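To start, the structure under review is shown below, and the notes come after it.
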Amino acid sequence: MLTPPAAAHALLFASGEPLERKRVALLLGIKETEIGLVLKALTDSLKGSGVAVIETETDVELRTASEAALIVKKFRENELARDLGKASLETLAVIAYQAGATRGEIDWVRGVNSSASVRTLLMRGLIEGREDEHDRRRIRYYLTTEALAHLGIKSAADLPRAGELSAAAAAIKREETIQATE
Amino acid sequence: MLTPPAAAHALLFASGEPLERKRVALLLGIKETEIGLVLKALTDSLKGSGVAVIETETDVELRTASEAALIVKKFRENELARDLGKASLETLAVIAYQAGATRGEIDWVRGVNSSASVRTLLMRGLIEGREDEHDRRRIRYYLTTEALAHLGIKSAADLPRAGELSAAAAAIKREETIQATE
Amino acid sequence: METAISKIGFSIKTDSYEGPFEVLLDLIEARKLLVNDLALANITEDFIAHVRAQKTFPVDEAASFIQIAATLLLIKSKSLIPDLILSEDENVDVDDLKRRLAAYEKVREASRELARIFGKTVMMPAGERAPEIVFAPSSDLSIGALAEALAHVLAAHKTVEELPEARVKPLVTIEEMMDRLAKRVQTAMTLSFKDFAGSAKEKVEVIVSFLALLELVKQGAVAAEQHDLDIRISHTGTAVPRYS
């Protein structure tokens, strides 16, 4: 069994965003008047741990500690300066040659899970996601105009062997649609 | 100043995804041989905290602790695991208890072609394939932090009946190798 | 189909596909036997009945089912005809089947352990924050690299698709294997016919099983044809021959 501060820690960690104090209390099954004590205990237990609790009057959030600012900055810079690597290049290639590909389609064409790569590409401004016109839960991915400019092309049609590679990728993509509807 | 375990904690928290152990070592400015100790200290300090470190041979990721599953489920229900089919579970079991199993080894012991199961596991991000160090055409499969997280365990050592069943699985490797070289 | 199976009270699960080792273990466990020669000899007919009863056979599994059926028939024949001396290759097949079955038994146990815990207490990743987007291309990004990456993915996809068929051991066709085995056992039976006085019924069963299996291969649900060095096994149609 988790202590209330540990349970609050898990909740805040999984949320990623600020949570209302009263919502945390509700989820923990404690009174709103008790939440202050629980968060105080969590704050104390996280002292010097690299991660800290940020509280406002209404909300509470987990963040990297201010002492960690330097190493986190280094990490972010490293993240952006790194080579894309095989997985992200492949993912970008699928999106480049198949504009509007969905996560499911990218996974299918690559045969592996692409969530981390998609996230990296989004963060680096190389792709953007747009809701499908017909099905809002579906996100379709496209190269950003910046990415096209960086590649020195106006559209996907200017990519090397555009016709051939797009057609081959489209053929594989169709399999996914068939599988998904089965 | 942060201690190395606290700095690692901040990094893993800031990243929000699995990080390569060697990359963490690099960012912390420590030797690769020292990263194990740092992560061990972090794991110990997070005991009972609601958050835990998941480690594979190559990667490390911060996740909510398995004891927190019930409380976290309350607001991230939609992400919960779809069940795996019997074939995929068997394939996952071979790879779990025999890290680095090849397709040949999996097929040998299951008596059936496992390509569909391997593909399912790859697409769900539960396993990843890496080229064999000595023979690049051979792909070896390993559990991901995602797989461990779904099993609610921090490392492969925490698998049910790990010692006994790993020993049994090690026999698979020997047998298939003998067959393959014949 | 029903009678062949209900005879032993073993029902085949039709909802999910079972591999050959799984079928074998189910049959052995249903009879509360341990995995050994005796058990394998005991369940030979049931296994063949199962192979015959399959309406839809996964294309690339047909070969392993039939190969295992052949090995079981060897074990069964040996138990019926003590004079039958197995060749070195045949002994290897028998040993191999037993070892794989023992290993599979452990894997099945392991997978049941995993099924017990999988998805029960999922450890969640850190919640996602809306990413701060910074346009950050990399030195390894170029249109050439993209074309190469996609070509690589497409090639890998093709390899995966082709792999199942290539994995069938390209030594002989299924038909050749079955012919050889039929002759092999029939010869042995003729030679030691006098030993059969006491077990005529079982002898008939073995022969019937054999013929049924051969028929299955030759006219039935699967057709084997040799392409280059690989064996391809394909369904010839939906019509399944009846042996009742």
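Note: hydrogens, waters and symmetry copies are ignored here, and every other heavy atom, side chains too, is used. Not measured: the values here are computed from a predicted model. In what follows, chains carry the letters A, B, and so on, assigned in the order in which the sequence lines appear, proteins first and then strands, with residues in each chain numbered from 1.
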Sort [X] into side chain, backbone, both or neither according to what part of it lies under 4.5 angstrom from a heavy atom of chain C.
X	value
Ala65(B)	backbone
Leu12(B)	neither
Leu70(B)	neither
Leu165(B)	side chain
Leu126(B)	side chain

- Got a salt bridge between Lys154(B) and Glu61(B), using NZ or NE/NH1/NH2 to carboxylate O under 4.0 Å? no
- Below 4.0 angstrom, N of the basic side chain to O of the carboxylate: do Arg63(B) and Glu146(B) qualify?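 Glu146(B) and Arg63(B): salt-bridged.
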- Could you state the interatomic distance from CD (Glu105(C)) to CD (Glu29(C)), rounded to the nearest 0.5 Å?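 Reported value, rounded in 0.5 Å steps: 6.5 Å.
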- Between Asp26(C) and Arg108(C), is a salt bridge (charged side-chain N to carboxylate O under 4.0 Å, His left out) present by the stated rule, with each step listed? CA-CA 11 Å; Asp26(C) 284 348; Arg108(C) 191 155 82 158; 2.8 Å; yes
- Write out, in numerical order, the residues from residues 91-100 of chain B with a heavy atom short of 4.5 Å from a heavy atom in chain C. Leu92(B), Ala93(B), Val94(B), Ala96(B), Tyr97(B)
- Message: Just to be sure I understand the criterion: a residue of residues 16-45 of chain B counts if one of its heavy atoms is under 4.5 Å from a heavy atom of chain C. Which ones qualify?
- Response: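 The residues closer than 4.5 Å to chain C, in numerical order, are Gly16(B).
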- Task: Before giving the answer on side chain to side chain contact (heavy atoms under 4.5 Å, CB included), spell out for Val23(C) and Asp46(C) the whole-Å C-alpha distance, their side-chain angles and the decisive distance to 0.1 Å.
- Result: CA-CA 10 Å; Val23(C) 172; Asp46(C) 296 333; over 6 Å; no
- Query: Taking every heavy-atom pair that is under 4.5 Å apart, which of Ala102(C), Ala110(C), Ala126(C) has the most such pairs with chain B?
  - Reply: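 The residue among Ala102(C), Ala110(C), Ala126(C) with the greatest pair count is Ala110(C).
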- Check side chain to side chain donor-acceptor pair (under 3.5 Å) between Asp132(B) and all other residues, then give those that pass, not counting sequence neighbours.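 Partners of Asp132(B) by the side chain to side chain donor-acceptor pair (under 3.5 Å) criterion, ordered by chain and then number, come out as Arg140(B).
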- Partners meeting side chain to side chain donor-acceptor pair (under 3.5 Å) with Arg161(B) (sequence neighbours left out):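 In terms of side chain to side chain donor-acceptor pair (under 3.5 Å), with neighbours along the sequence ignored, Arg161(B) is linked to Glu164(B), Glu109(C), Glu113(C).
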Heavy-atom pairs under 4.5 Å with chain C: which of [options] has the most?
options	result
Ala147(B), Pro160(B), Ala168(B)	Pro160(B)
Ile54(B), Leu159(B), Leu89(B), Leu62(B)	Leu89(B)
Ser66(B), Ala87(B), Ala68(B), Ala69(B)	Ser66(B)

- Query: Which bit of Arg116(C) comes within less than 4.5 Å of chain B, counting heavy atoms only: side chain, backbone, both or neither?
  - Reply: side chain
- Task: Counting only heavy atoms closer than 4.5 Å, note whether Lys106(C) contacts chain B via side chain, backbone, both or neither.
- Result: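 For Lys106(C), heavy atoms of backbone and side chain both lie under 4.5 Å from chain B.
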- Query: Side chains of Thr64(B) and Ile71(B): does their closest heavy-atom pair fall under 4.5 Å?
  - Reply: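 A side-chain contact under 4.5 Å is absent here.
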- Task: Decide yes or no for Ser155(B) and Thr56(B): does some side-chain heavy atom of the first lie under 4.5 Å from some side-chain heavy atom of the second?
- Result: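 Side-chain contact under 4.5 Å: no.
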- Ser117(B) and Ser88(B): which non-hydrogen atoms are nearest, and at how many Å?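 Shortest heavy-atom contact: OG-N, 3.8 Å.
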- Message: Minimum heavy-atom separation for Ile68(C) and Phe21(C), please, with both atom names.
- Response: CD1-CE2, 3.4 Å
- Tell me, please, whether Tyr141(B) has Arg103(B) positioned over its six-membered ring: NZ or CZ under 6.0 Å from the ring centre and within 45 degrees of its axis? no
- Donor on one side chain, acceptor on other, Asp107(B) and Ser114(B), under 3.5 Å: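 Checked: Asp107(B)/Ser114(B) side chains pair up, N/O donor to acceptor below 3.5 Å.
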- Message: Regarding Asn113(B) and Ser115(B), do their side chains bring together a donor and an acceptor under 3.5 Å, going by distance alone?
- Response: yes
- Item | Positive for side chain to side chain contact (heavy atoms under 4.5 Å, CB included) with Thr71(C), one of Val94(C), Asp96(C), Asp95(C) | Val94(C)
